[in-house]
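Here the structure comes first, spelled out in structure tokens, and everything after it is commentary.
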Amino acid sequence: MDKLLYDVVVLGGGLAGLMSAHEVASAGYNVAVVSKVFPTRSHSSSAEGGIAAYVHGNSDPNDNPDYMTYDTVKGGDYLVDQDAAELLSQKSGEIVQFMERWGTLFNRQPDGRVALRYFGGQTYPRTRFVGDKTGMALLHTLYERVSGLSVDFYNEWFAVDLVLDEKRVAGVLALEMRTMEPSLFVAKSVVVATGGMGMLYAHTTNAYINTGDGYGMALRAGAALKDPEFVQFHPTGLYPSDILISEAARGEGAVLKNNKGERFMARYAPKKLDLAPRDIVSRSMTIEIREGRGFPGGYLALDLTHLGESYIKERLALAYEAALSFAGVDATQEPIPVRPAQHYYMGGIDVDITGRNPDLQGLFAAGEAACVSVHGANRLGSNSLLETLVFGRETGRAVVEYLKKHEGHSSTSLEREAEGLLDEAYRFVKSESGVHFGEILNKLRQVMWDDVGIFRNEDLLKTALSEVEKLRSQVKNMYVSDKSKTYNTEFFNALELRNMMDLAVVIAKSALNRTESRGAHFRTDYPERDDKAWLKHTISYLKGNQVEIGYKPVTFTRWQPEARVY
Ligand SMILES: Cc1cc2nc3c(=O)[nH]c(=O)nc-3n(C[C@H](O)[C@H](O)[C@H](O)COP(=O)(O)OP(=O)(O)OC[C@H]3O[C@@H](n4cnc5c(N)ncnc54)[C@H](O)[C@@H]3O)c2cc1C
């Protein structure tokens, strides 16, 4: 097997991975970025609505970073580590101004100042945007920037597993997807920035590549996930394809209506209405649909028509195009059919405020793959793009500090371990019979949607756990029908499924364990938030077939829990 030597390997070419790589390469270290798609095709590129930031002199005169922190903490139902949220707010202005100087052209107001729009849960409007294609603009800017540094890109390479030297991460096993040829990347430190896991759910706004590979790799290596039970459902997936209709639509004034024409959010969030946080709106919509006030097939109406054709086409071009192409609806003339769909993962690889994982030396994580925790039990819209940049940078800087103290590579020969991991992975192409991976995948996605979804309870979660465990035991006997070595996408899908399966069992078990309702984790059998028992982070390990659960305290600075009304 080929051996490649680097100071740092970054897994993922999205915003978080590129920002970390930028910091490490700028400090003179040699860096490899490994990505299973060309970097600008990462899911960051599909972010639509915008990036939150407070910029002195260009934000609402009443706004300040403390309001931003408060909104984030309250939005996250007080499970947010407040020092992390403070850092996010304080660095927000600086980081968007960097991106602007580097080339991202944010929309402007007629007087030349940057335009702002409201996103859910914000006291003042503070989301900056490039039409409704903000992620694309940011990712292209950053990719261009990092391309100018000495970073080696391994595009269309699939990271299979972390390679360990005892309790230290010493490298990565990766396969070139074109040929299936393996390589061992030996590194002093690894940054996991592999993004989210939406494909775990039957309905998701996420790309097909969002299969939670980093969570699976980290769990198998012995690192914990933090708060794995917290999965975000976005209110407005386009019906029936689940393509995202950005929250920007409601930020610009679009209104949700039921089959009676009622603006039903008035019943659930009298002040914030359609711009209450996502968990609240998604639950309200589900209730409307379940109680028969949805449209046939199970959707509701998102009405933009009053905004006018030219405004819609300028500010919400993607929403307009998606509705027309994928639902045959002209949003300037009639409402868009929408329903909730999985959107974001608040849980992630357990890291501190510098991106460092406490379980394995040399392991760092950033972006959606990580849980810092800055979003707590529910992320506010437009805070994720911001997190990828702010904490991508913090992580890169922490890696540089780490490298100053840990200069050498692991002295152990890592080949044997890598060969073992490779044999495990190749098993799926060698195996001729058993269960086809596609069958397991479809069942898994449906179970997660039905039983570990927007509303949960003990019965559903117990069913889910036993179903997932059954499916997970079938993964050992899983096969793919394509046996070729050239772009064998079926084989890589099977590896992705293995990652999703390891993650699914941890989510289901952790959700069953948390007997309260907080943010996106809503238990009909425990409908109240219980700060006495549950104001703490879940820390979950996967040991063979067992999920081991522990806890960590939430960091408080200035904001005490209060009732979360909007
Ligand atoms: C449709 C949509 C719209 C959104 N809109 C917004 C918005 O307006 N504002 C906002 O703040 N947030 C938004 N979000 C959320 C936000 O875009 C993401 O959380 C964020 O971009 C994630 O960035 P990331 O760098 O962590 O991961 P990603 O951008 O997802 O990148 C992951 C990278 O990891 C690589 N990778 C994964 N697995 C492997 C593997 N096994 N081997 C090698 N490489 C691998 C991929 O190739 C990719 O390069 C949106 C999300 C979606 C799905």
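Computed from a predicted model, the values in this text were never measured in an experiment.
Proximity of M197 to V231: side-chain heavy atoms (C-beta onward) are separated by under 4.5 Å at one or more points. A heavy-atom distance below 4.5 Å is not found between the side chains of T538 and K226. Using a 4.5 Å heavy-atom cutoff, the side chains of N457 and L460 are in contact. Contact check for T211 versus N499: no side-chain heavy atoms found under the 4.5 Å cut-off. For the pair L87 and F391, the minimum side-chain heavy-atom distance is below 4.5 Å. Residues L273 and R250 fail the side-chain proximity criterion, which asks for heavy atoms closer than 4.5 Å. The closest side-chain heavy-atom distance from V96 to I51 is below 4.5 Å. Taking 4.5 Å as the limit, some side-chain heavy atom of L441 sits within range of a side-chain heavy atom of M500.
Listed by chain and residue number, E252, L307, R315 satisfy the side-chain contact (heavy atoms from CB on, under 4.5 Å) test with Y311 (two or more places apart in sequence, or in another chain). The salt bridge (charged side-chain N to carboxylate O under 4.0 Å, His left out) search around E23 returns R397, not counting sequence neighbours. In this structure Y345 satisfies the ring-ring contact (aromatic ring centres under 6.0 Å, His included) test together with Y215, sequence neighbours excluded. Legend: residues meeting side-chain contact (heavy atoms from CB on, under 4.5 Å) with D530, ordered by chain and number and at least two apart, are E516, K532, A533, W534. In this structure, the salt bridge (charged side-chain N to carboxylate O under 4.0 Å, His left out) partners of R126, at least two apart in sequence or on a different chain, are D63, D71. For F98, the ring-ring contact (aromatic ring centres under 6.0 Å, His included) partners two or more places apart in sequence, or in a different chain, are W102. Y143 pairs by the ring-ring contact (aromatic ring centres under 6.0 Å, His included) definition with F38, F153, not counting sequence neighbours. Applying the salt bridge (charged side-chain N to carboxylate O under 4.0 Å, His left out) test to R564 and every residue at least two apart in sequence or in another chain returns D77, D279. With sequence neighbours left out, E229 forms a salt bridge (charged side-chain N to carboxylate O under 4.0 Å, His left out) with R514.
A cation-pi contact, defined as under 6.0 Å to the ring centre and within 45° of the axis, links K536 to Y551. Within the cation-pi definition used here (under 6.0 Å to the ring centroid, within 45° of the axis), R117 qualifies as a partner of F129. The side-chain tip of R445 does not point at the ring of Y201 from less than 6.0 angstrom away and within 45° of straight on.
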Does the side chain to side chain contact (heavy atoms under 4.5 Å, CB included) test come out yes or no for S517 and R529, once each step is laid out?
-> CA-CA 5 Å; S517 290; R529 189 175 84 192; 6.0 Å; no
- Message: Using side chain to side chain donor-acceptor pair (under 3.5 Å), reason through H521 and D227 one step at a time and then give a plain yes or no.
- Response: CA-CA 10 Å; H521 173 69; D227 296 331; over 6 Å; no
When you look at T205 and H234, which way does the side chain to side chain donor-acceptor pair (under 3.5 Å) test go after all the steps? CA-CA 8 Å; T205 64; H234 195 293; over 6 Å; no
Carefully, step by step, assess R263 and D274 under the rule salt bridge (charged side-chain N to carboxylate O under 4.0 Å, His left out). CA-CA 9 Å; R263 190 175 185 182; D274 305 84; 2.6 Å; yes
field: Check against side chain to side chain contact (heavy atoms under 4.5 Å, CB included), E247 and Y118
entry: CA-CA 9 Å; E247 190 165 309; Y118 264 116; over 6 Å; no
Worked verdict on E387 versus R379 for salt bridge (charged side-chain N to carboxylate O under 4.0 Å, His left out):
CA-CA 11 Å; E387 184 208 352; R379 170 174 77 84; over 6 Å; no
Report the C-alpha distance between E309 and T332 in whole Å, list the side-chain angles of each, state the deciding distance to 0.1 Å, and finish with yes or no for side chain to side chain donor-acceptor pair (under 3.5 Å). CA-CA 5 Å; E309 183 171 343; T332 64; 4.5 Å; no
Task: From CA spacing to verdict: side chain to side chain donor-acceptor pair (under 3.5 Å), Q122, T127 - done: CA-CA 9 Å; Q122 294 179 347; T127 297; 2.9 Å; yes
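Shown here is H56, whose NE2 atom has no more than 12 heavy atoms of other residues, nucleotides or ligands within 6.0 Å. More than 12 heavy atoms of other residues, nucleotides or ligands lie within 6.0 Å of CD in E262, so this atom counts as buried by the packing criterion. No more than 12 heavy atoms of other residues, nucleotides or ligands sit less than 6.0 Å from atom NZ of K91.
A salt bridge does not link R283 with E288: none of the charged nitrogens is closer than 4.0 Å to a carboxylate oxygen. A salt bridge does not link D525 with R456: every distance from a Lys NZ or Arg NE/NH1/NH2 to an Asp or Glu carboxylate oxygen is 4.0 Å or more. Under the 4.0 Å criterion applied to side-chain N and carboxylate O atoms, R518 and D531 are assigned as salt-bridge partners.
For the residue pair Q232/R278, the side-chain donor-acceptor check at 3.5 Å is satisfied. Between the side chains of S510 and S540, at least one donor N or O lies within less than 3.5 Å of an accepting N or O. Defined by atom type and a distance below 3.5 Å, a donor-acceptor pair is missing between the side-chain atoms of T40 and S45. A donor-acceptor pair shorter than 3.5 Å can be found between the side chains of N383 and T72. Inspection of the T104 and T141 side chains reveals an N or O donor paired with an N or O acceptor under 3.5 Å.
Taking the six-membered ring for Trp, Y344 and H375 have ring centres closer than 6.0 Å. Aromatic ring centroids of Y124 and Y67 lie under 6.0 Å apart.
Shown here for L142 and L15, the closest heavy-atom pair between the two residues is CD2-O, 3.6 Å. Of all non-hydrogen atoms in N58 and R128, the two that sit nearest each other are O-NH2, 3.5 Å. The minimum heavy-atom distance between D451 and A464, with the atom names listed, is CB-CB, 3.6 Å. Of all the heavy atoms in T395 and A365, the pair that sits closest is OG1-O, 3.8 Å. Here the closest heavy-atom approach between residue D242 and residue A202 is recorded as OD2-O, 4.4 Å. Of all heavy-atom pairs between M346 and N378, the closest is CE-CA, 3.8 Å.
Within the structure, salt bridge (charged side-chain N to carboxylate O under 4.0 Å, His left out) contacts touching residues 39-61 (residues at least two apart or in different chains) do not occur. Residue pairs meeting the ring pair (Phe, Tyr, Trp, His ring centres under 6.0 Å) criterion with at least one member in residues 241-290: none, sequence neighbours excluded.
Taken to the nearest 0.5 Å, the CD atom of E334 stands 9.5 Å off from the OG1 atom of T305. To the nearest 0.5 Å, atoms CG (L444) and CE (M448) are separated by 6.5 Å.
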Pairs under 3.5 angstrom only: tabulate donor-acceptor contacts from the side chains of residues 316-329 to other protein residues two or more places apart or in another chain.
{"unit_1": "S325", "atom_1": "OG", "unit_2": "E321", "atom_2": "O", "d": "3.0"}

